[in-house]
There are 2 protein chains.
Amino acid sequence: MIRKLESIFVLTDDERQALETLPMQVVAIKENQDLVRAGDRPSRSCLVLSGFACTYKMTVQGKRQIVSFNLPGDIPDLQSLHLRVLDNGISTISPCRVGFIRHEALRDICDRYPRIASAFWRETLIDASIFREWVLNVGQREAYTRMAHVLCELLTRLGAVGLTQDHSCNLPITQSEFADALGATTVHVNRVLQQMRADGLIELKGDRLNIPDWEKLKRVGEFDPTYLHLEDYQAAA
Amino acid sequence: MIRKLESIFVLTDDERQALETLPMQVVAIKENQDLVRAGDRPSRSCLVLSGFACTYKMTVQGKRQIVSFNLPGDIPDLQSLHLRVLDNGISTISPCRVGFIRHEALRDICDRYPRIASAFWRETLIDASIFREWVLNVGQREAYTRMAHVLCELLTRLGAVGLTQDHSCNLPITQSEFADALGATTVHVNRVLQQMRADGLIELKGDRLNIPDWEKLKRVGEFDPTYLHLEDYQAAA
DNA sequence: CGAGATGTTGAGACATGTCAAGAATTGTGG
DNA sequence: CCACAATTCTTGACATGTCTCAACATCTCG
């Protein structure tokens, strides 16, 4: 988290100190475990330290829509700091290490360091931006493009936290999880992935994803990373 | 806007005074005009004073996805306060009165009144929550349910700012705009609406929407207003 | 080695898209 | 206040992306 914030602006010693000493309960959690559920009124937020998680919502009929993937450095329920009731669940996808931070501690640090408060606010705004892009993705693109787009996003965001090597990465996401993220069927995701392999767009085996031709994947996925708002990170780098 | 904030918490005289004197350039704008475009780096945010607007994104192939409707009281690009580049456009749907507020003015009021800053943050979090629900809606529900859901949301949000009479309201939204919001075709939206009329779910003629059986529409649309986070408003009322 | 999860395949069904045309409504200038 | 143009709405026939179901293959891991 510090690393993420640090890439937005230069932390003062005080600010860094405050962030580093932020009291946090670190827990190791297996895959497919809910961190929080819709309807909860949490008094703490969770910081993903390692592993993949996802934010999801359920239909009355029990269909699941993953609305975003949560990667290391993300605080997927930072919103609960200002919204009493959670309207979504958060579940691990792979085994994770998660840091739970009490809201009081977050409020305290926000009160004392306005720039940190702004940075947190900004993080939630980027989340919102990603949701917007997902609405577009799910609403207007066909499954093949949609899949390519999500892969581009994942690779880009993983890259931003140093979890890619060249254009490959660890990707412990199941086809049925992709299905829930794309608003598609497992069967259909399977076929789309095979087509993408056949087209030389991706090499995907087990947990390992490699992108032979990044520019091509971006083109196919209509991927423009503006919505991730990494520009400031890069400006800082 | 004041009214919306006021329903969250009791403003002090100072806070109210600050909000009321917030310098704002009020402009009347025709329908189908962009207020801002993707790629802009605005130095002000817009407050919808009257009329309907929408936030949208475009596909490379020129397909439009409306990601939210902006109703009176909304500040659809409040995010630009902390994100340099806009990743979406905002367009009027009906003729609107819009107040443009400079970012400096917003920053200033946030600095001086932390509770107002929190309330603004909260507004953007509710926007994000709505986006999440839309991802679910577009990703997992079929068009009929989806339409019912969007109508429920509109009616509820309009009700929250006093723009409904009983269960009817003014709704200057075109079928093709609904299509862009649902990720569906105009033709299909037309058929869905006719079916809903036939089923006695809605009475929709021109700009006028009436809901004969609100509970039924909510049921059909799988509508649970939790995600709008009006609970505090009601608590305050 | 076996069990459960995950991935793969095929055939048929259905929701929704496409195209194309005509009807109804709305706004506007004469 | 009419007439025309431009939207918006409606309808039909057909195409297609995606789903459903159901079986089987493969992998992972205790």
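In what follows, chains carry the letters A, B, and so on, assigned in the order in which the sequence lines appear, proteins first and then strands, with residues in each chain numbered from 1. Everything numeric in this text was worked out from a predicted model, so none of it was measured.
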Check whether more than 12 heavy atoms from other residues, nucleotides or ligands sit under 6.0 Å from atom CZ of A/Arg208, and answer yes or no. yes
When you check the side-chain N and O atoms of A/Arg132 and B/Thr55, is any donor under 3.5 Å from an acceptor? no
Return the value, rounded to whole Å, for the distance between atom [atom1] of [X] and atom [atom2] of [N].
X	N	atom1	atom2	value
A/Ile93	C/dA5	CD1	P	17 Å
A/Asn32	C/dG4	CG	P	16 Å
B/Gln194	C/dA23	CD	C1'	12 Å

Return the set of residues passing side-chain hydrogen bond (donor to acceptor under 3.5 Å, both in side chains) with B/Asp77 (not counting sequence neighbours), or none when no residue passes. none
Under a 3.5 Å distance rule, please check whether [X] uses its side chain to pair with a backbone N or O of [Y] as donor and acceptor.
X	Y	value
A/Glu177	A/Thr174	yes
B/Thr145	B/Arg141	no
A/Gln25	A/Gly99	no
B/Asp74	B/Leu71	yes
B/Asp213	B/Lys216	yes

Assess whether a salt bridge exists between B/Asp34 and B/Arg37, defined as any Lys/Arg side-chain N lying under 4.0 Å from an Asp/Glu carboxylate O. yes
Residues pairing under ring pair (Phe, Tyr, Trp, His ring centres under 6.0 Å) where one sits in residues 150-206 of chain B, two or more places apart or in two chains, turn out to be B/His167-B/Trp214
Identify whether any heavy atom of A/Arg141 sits under 4.0 Å from a base atom; if not, whether one sits that close to sugar-phosphate; answer base, sugar-phosphate or nothing. nothing
Heavy atoms of chain B, cut-off under 4.0 Å: which first and last nucleotide of DNA chain D, 5' to 3', fall inside that, if you could look? D/dT8 to D/dA13
Any idea how B/His149 and B/Tyr227 line up, ring-wise: parallel (<30°), tilted (30 to 60°), or perpendicular (>60°)? parallel
For DNA chain D, which residues in residues 49-61 of chain B have a heavy atom at a distance below 4.0 Å? none
Pull out every residue in residues 169-190 of chain A that has a heavy atom closer than 4.0 Å to any atom of DNA chain D, ordered by number, or say none. A/Gly183, A/Ala184, A/Thr185, A/Val187, A/His188
Separation between SG (A/Cys169) and CG (A/Leu158), nearest 0.5 Å, reads 5.0 Å
Between B/Ser94 and B/Pro172, which heavy-atom pair has the shortest distance, and what is it? CB-CG, 3.7 Å
What parts of residues 198-209 of chain A reach DNA chain C, counting only heavy atoms under 4.0 Å away? none
Does B/Arg191 make a side-chain N or O approach to OP1 or OP2 of C/dT18 shorter than 4.0 Å? no
